Amino acid sequence: MGRGTTKAPGKAGDKTSLHLRIDFGGERSIGPGKIRLLELINETGSISAAGRALEMSYRQAWLLVDELNHMFREPVIVAQTGGGGGGGTVVTETGNDIVRLYREMERRAYGASTAEIRSLARLLTPGSGHKPH
């Protein structure tokens, strides 16, 4: 799954994806961007490397991490000091649970909507461009 989306299988689904955003109220939400950021921090051990991979500034990535850390009761990301590389950033068990639960909801939402997504895809104009009215 690329960049936090669930892809549709098959011919029409090569470009079709489902984006899931969960709004908890009070401007607290998670969606594909924050989840992908967590995944990339897990892979790289670095907020800055994860931000670069998503083509966002370190500041923007750090603000999203800070938002996530304040949104949940337990920290989602913690700094790790020491080591040969001078430390880094670690996604906590809570952070990994959030990613796992989100991806499972995304998978279920896509599975439950496959027929409707295919029906919508059949209603699209042929080709990849937008035709003016």
Side-chain angles (χ1 to χ4, degrees):
M1 284 183 253
R3 294 234 172 191
T5 59
T6 300
K7 300 278 183 196
K11 186 177 172 188
D14 290 343
K15 295 178 183 154
T16 301
S17 61
L18 175 71
H19 300 272
L20 181 64
R21 177 183 159 125
I22 303 158
D23 292 314
F24 298 104
E27 299 197 24
R28 297 182 305 168
S29 66
I30 58 172
K34 288 177 185 169
I35 294 300
R36 188 64 186 136
L37 180 63
L38 289 176
E39 290 171 333
L40 287 167
I41 291 170
N42 233 348
E43 291 172 22
T44 64
S46 164
I47 294 172
S48 59
R52 279 192 303 274
L54 292 171
E55 298 179 355
M56 69 173 62
S57 69
Y58 172 79
R59 176 171 162 65
Q60 180 61 34
W62 188 89
L63 288 171
L64 291 173
V65 164
D66 189 54
E67 185 180 325
L68 285 164
N69 273 341
H70 285 93
M71 189 184 317
F72 293 96
R73 278 187 257 167
E74 300 288 326
V76 174
I77 302 202
V78 294
Q80 185 176 44
T81 57
T89 308
V90 176
V91 178
T92 65
E93 185 177 339
T94 298
N96 285 317
D97 285 345
I98 291 164
V99 170
R100 180 184 52 77
L101 290 166
Y102 177 89
R103 291 298 185 203
E104 178 61 20
M105 286 186 291
E106 189 179 54
R107 186 190 66 73
R108 285 183 179 196
Y110 189 84
S113 304
T114 301
E116 291 82 2
I117 291 169
R118 285 188 182 138
S119 293
L120 286 170
R122 283 192 293 270
L123 297 173
L124 295 171
T125 58
S128 61
H130 173 74
K131 292 186 178 184
H133 295 269

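All residue numbers refer to positions in the sequence shown, counting from 1. Quick note: numbers below take in every heavy atom, side chains included, and nothing from hydrogens, waters or symmetry partners. A quick note: this is a predicted structure, and the numbers were derived from the prediction, not measured.
- Nearest heavy-atom pair across R36 and E43 is NH1-OE2, 3.5 Å.
- For the residue pair I47 and Y58, the shortest heavy atom distance occurs at CG2-CE1, 3.7 Å.
- In plain terms, the two heavy atoms of D23 and S29 that are nearest each other are OD1-CB, 3.1 Å.
- A salt bridge does not link R21 with E106: none of the charged nitrogens is closer than 4.0 Å to a carboxylate oxygen.
- Side-chain contact annotation: S48 with S46, donor-acceptor N/O pair under 3.5 Å present.
- The two atoms that bring G51 and L37 nearest to each other are N-CD1, 4.3 Å, heavy atoms only.
- Under a 3.5 Å cut-off, the side chain of N69 and the backbone N or O of P75 do not form any donor-acceptor pair.
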L64 and M56: CA distance, side-chain angles, deciding distance, side-chain contact (heavy atoms from CB on, under 4.5 Å) verdict: CA-CA 11 Å; L64 291 173; M56 69 173 62; 3.9 Å; yes
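- Environment of CD in E116: crowded, with over 12 heavy atoms of neighbouring residues, nucleotides or ligands closer than 6.0 Å.
- The pair R108-E104 meets the salt-bridge criterion, with a side-chain N (NZ, NE, NH1 or NH2) lying under 4.0 Å from an Asp/Glu carboxylate O.
- Applying side chain to side chain contact (heavy atoms under 4.5 Å, CB included) to R103 and the options I98, I35, L20 leaves one that passes, I35.
- With respect to N96, the side chain to side chain contact (heavy atoms under 4.5 Å, CB included) criterion is satisfied by exactly one of V90, V76, V91: V91.
- Both L68 and F24 belong to a common hydrophobic cluster when Ile, Leu, Val, Met, Phe, Trp and Tyr are linked at side-chain heavy-atom distances under 4.5 angstrom.
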side-chain contact (heavy atoms from CB on, under 4.5 Å) between T92 and I77, worked out: CA-CA 6 Å; T92 65; I77 302 202; 5.9 Å; no
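- Taking NZ of K34 as the start and CG of L54 as the end, the distance is 13.5 Å to the nearest 0.5 Å.
- Connection of L63 to I30 is established within a shared hydrophobic cluster, with ILVMFWY side chains joined at heavy-atom distances below 4.5 Å, either directly or through further cluster members.
- Counting only distance, with no hydrogens or angles, the side chain of T94 and the backbone of E74 share no donor-acceptor pair below 3.5 Å.
- Residues L40 and A53 approach most closely at CD1-CB, 3.8 Å, considering heavy atoms.
- To the nearest 0.5 Å, the span separating CG on D66 from NE2 on H70 amounts to 5.0 Å.
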Pair M105-I22, side-chain contact (heavy atoms from CB on, under 4.5 Å): steps then yes or no: CA-CA 10 Å; M105 286 186 291; I22 303 158; 3.1 Å; yes
Trace of the side-chain contact (heavy atoms from CB on, under 4.5 Å) decision for E55 with Q60: CA-CA 10 Å; E55 298 179 355; Q60 180 61 34; over 6 Å; no
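- We find the NE2-OH distance between H19 and Y110 to be 11.5 Å, quoted to the nearest 0.5 Å.
- Rounding to the nearest 0.5 angstrom, the gap separating the CG atom in D97 from the CZ atom in F72 is 10.5 Å.
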